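A short worksheet on the structure shown next.
Note that this is a predicted model, so its numbers are computed, not measured. What's counted below: heavy atoms across the whole structure, side chains too, no hydrogens, waters or symmetry copies.
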Amino acid sequence: MNFREMTDSELANVMVNYIGRVEHLLHIIEKYLDGTDCISASQIKDEYADLKDEMREDVHYLSLKQNSEGSNLYKGAFGPSIREAVAFGFMVPTNATVNQMMFNTVAEAHYKLTKYYSLEEWGALI
């Protein structure tokens, strides 16, 4: 995706999508750990791996010098949120056991995605 050319509304839409997916992942990990859901560990691992890989690709894009310029939202909240979510969250390997450590690392990614703007604030920009 060419984030630096997106409007603030489009950037907010991407961020709302990421936050929603991370919240869903937190929810299914929590249910799995509580034993109250039928979802398999492999389904959780697949979703975790997909989200981790997609966000890492976005960080690669954001890290390229040619993509350093953009709107204030792009430079001030969107880029830093994704970079920090990848740097501090998603720290367990994709083939790791679904456990509290995986939950904690996804929770850290969620915190970083909502550090600058909450889900509601991102949603208001759409």
(request) Kindly determine whether Asn2 and Tyr61 satisfy side-chain contact (heavy atoms from CB on, under 4.5 Å), including the steps that lead there. (result) CA-CA 8 Å; Asn2 195 354; Tyr61 171 90; 2.5 Å; yes
(message) I need the full list of salt bridge (charged side-chain N to carboxylate O under 4.0 Å, His left out) pairs touching residues 45-58, with sequence neighbours left out, sorted by first then second residue.
(response) Arg21-Glu54
(message) Please list all pairs meeting salt bridge (charged side-chain N to carboxylate O under 4.0 Å, His left out) that have one or both residues in residues 60-75, counting only residues at least two apart or in different chains.
(response)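 Listed by first then second residue: Glu69-Lys75.
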Are the side chains of [Y] and [X] in contact, using a 4.5 Å heavy-atom criterion?
X	Y	answer
Ser9	Ile126	yes
His110	Leu25	no
Ser81	Met15	yes
Met6	Val14	yes
Met102	Thr97	no
Leu26	Lys31	no

(message) Once ring pair (Phe, Tyr, Trp, His ring centres under 6.0 Å) is applied, what residue pairs with a partner in residues 11-57 remain, sequence neighbours excluded?
(response)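 Qualifying pairs: Tyr48-Phe90.
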Any residue meeting side-chain hydrogen bond (donor to acceptor under 3.5 Å, both in side chains) with [X], in chain and number order, not counting sequence neighbours:
X	result
Ser71	Asp8
Ser40	Ser42, Gln43
Lys115	Glu84

Write down the atom of [X], the atom of [Y], and the distance for their closest heavy-atom approach.
X	Y	value
Ala85	Ala109	CB-O, 3.7 Å
Met55	Val86	CB-CG2, 3.6 Å
Val98	Leu33	O-CD2, 3.7 Å

(request) State whether the side chain of Thr114 and the backbone N or O of Tyr117 hold a donor-acceptor pair below 3.5 Å, judged by distance alone. (result)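 Absent.
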(message) Using a 3.5 Å distance criterion without hydrogens, assess whether the side chain of Asn99 forms a donor-acceptor pair with backbone atoms of Met101.
(response)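 It does hold such a pair.
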Could you state the interatomic distance from [atom1] ([X]) to [atom2] ([Y]), rounded to the nearest 0.5 Å?
X	Y	atom1	atom2	answer
Phe88	Glu108	CZ	CD	7.5 Å
Asp34	Ile29	CG	CD1	12.0 Å
Leu51	Thr94	CG	OG1	12.5 Å
Phe78	Leu11	CZ	CG	5.0 Å
Glu120	Leu125	CD	CG	12.0 Å

(message) Assess the residue pair Val106 and Met91 against the criterion (side-chain contact (heavy atoms from CB on, under 4.5 Å)); give the C-alpha distance rounded to whole Å, side-chain angles, the decisive distance to 0.1 Å, and a yes or no.
(response) CA-CA 8 Å; Val106 174; Met91 298 304 293; over 6 Å; no
(request) Run the ring-centre check on Phe3 versus Tyr74 and record whether the distance is less than 6.0 Å. (result)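 No; Tyr74 has its ring centre 6.0 Å or more from that of Phe3.
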